[in-house]
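It should be emphasised that the depicted structure is a prediction, and the values quoted were computed from it without experimental measurement.
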Amino acid sequence: MKLKLKIIDLHGIYFQGEVDLLNIVTSSGEITILANHLPLISSINISHMYYKNDGVITTFAIAGGTLFVDEHECKIITPAIESSSEIDFLRALKAKERAEHRLNNKDENTDIKRAEVALQRALNRLSFNK
């Protein structure tokens, strides 16, 4: 039996289909979701996630969000998600450098939390380039 998965980002439906399993890092830790999983709502950490379908694993960098699992499907709502093949490493490197610059040269106008999250997101994306 397959798991119905829907991933929604700021641009709309990023992915909708059936998969064998989903592996994702929530605020409670890393979990794997299969069809007929118990209902669940959890926040998603900035991290890697993957789904497996017919033996093929597809990996993603996800920028946090919320996970909803009910008896019919699994939904992920996230501000940003990229498959490992979609990541623009030069852009991610520039984002990392900007965030580090803001953190190293902060003043009273620097939004520290925003800079820290931007750095974490950039490092997550860059971690695929190993």
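The side-chain contact (heavy atoms from CB on, under 4.5 Å) test with Tyr14 is passed by exactly one of Ile8, Ile76, Ile81: Ile81.
The minimum heavy-atom distance linking Pro79 with Gly64 is given by the pair CD-O, 3.7 Å. The minimum heavy-atom distance between Val25 and Ser47, with the atom names listed, is CB-OG, 3.5 Å. Taking all atoms of both residues into account, the shortest heavy-atom contact from Cys74 to Val69 is SG-CG2, 4.0 Å. Nearest heavy atoms, Ala122 versus Ala92: CB-O, 3.6 Å.
Side chain of Asn124 to backbone of Ala63: no donor-acceptor contact under 3.5 angstrom is found.
Rounding to the nearest 0.5 Å gives a distance of 6.0 Å between CG of Leu93 and CG of Leu126. In this structure, CD on Glu82 lies 8.5 Å from CZ on Arg121, to the nearest 0.5 angstrom. Between atom CD1 of residue Ile33 and atom OG of residue Ser42 there is a gap of 8.5 Å, rounded to the nearest 0.5 Å. Rounding to the nearest 0.5 Å gives a distance of 9.0 Å between CE of Met49 and OG1 of Thr58. The structure places CG of Asp111 at 8.5 Å from CZ of Arg102, a figure rounded to the nearest 0.5 Å. The line from CG of Asn36 to CG of Leu38 is 9.5 Å long, rounded to the nearest 0.5 Å.
Using a cut-off of 4.0 Å between Lys/Arg side-chain N and Asp/Glu carboxylate O, Asp54 and Lys2 are scored as salt-bridged.
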Requested in this report: Report the C-alpha separation of Leu67 and Leu40 in whole Å, then their side-chain angles, then the decisive distance to 0.1 Å, and conclude whether the side chain to side chain contact (heavy atoms under 4.5 Å, CB included) test is met.
Outcome: CA-CA 8 Å; Leu67 171 70; Leu40 170 71; 3.9 Å; yes
Requested in this report: For Leu21 and Tyr50, run side chain to side chain contact (heavy atoms under 4.5 Å, CB included): C-alpha distance rounded to whole Å, both residues' side-chain angles, the deciding distance at 0.1 Å, then the answer.
Outcome: CA-CA 8 Å; Leu21 64 85; Tyr50 68 86; 3.8 Å; yes
Requested in this report: With side chain to side chain contact (heavy atoms under 4.5 Å, CB included) as the test, would you mind laying out the steps for Leu119 and Lys96 before giving the verdict?
Outcome: CA-CA 5 Å; Leu119 179 59; Lys96 174 186 171 281; 3.8 Å; yes
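Annotation: side chain of Ile44 is not in contact with side chain of Thr78 (no heavy-atom distance under 4.5 Å). Between Arg91 and Arg125, the closest side-chain pair of non-hydrogen atoms falls below 4.5 Å. Side-chain contact between Ile24 and Ile31 is present, with heavy atoms from C-beta onward closer than 4.5 Å. Under the 4.5 Å side-chain criterion, counting only non-hydrogen atoms from C-beta, Glu116 is in contact with Ile112. Side-chain contact check for Ser83 versus Thr59: every heavy-atom pair is 4.5 Å or farther apart.
Residue Phe60 is not grouped with residue Ile46 when hydrophobic side chains (ILVMFWY) are merged at heavy-atom distances under 4.5 angstrom, including chains of intermediate members.
Relative orientation of the Phe128 and His48 rings is parallel, given thresholds of 30° and 60° on the angle between their planes.
Judged purely by distance below 3.5 Å, without hydrogens or angles, the side chains of Asn23 and Lys52 never pair a donor atom with an acceptor atom.
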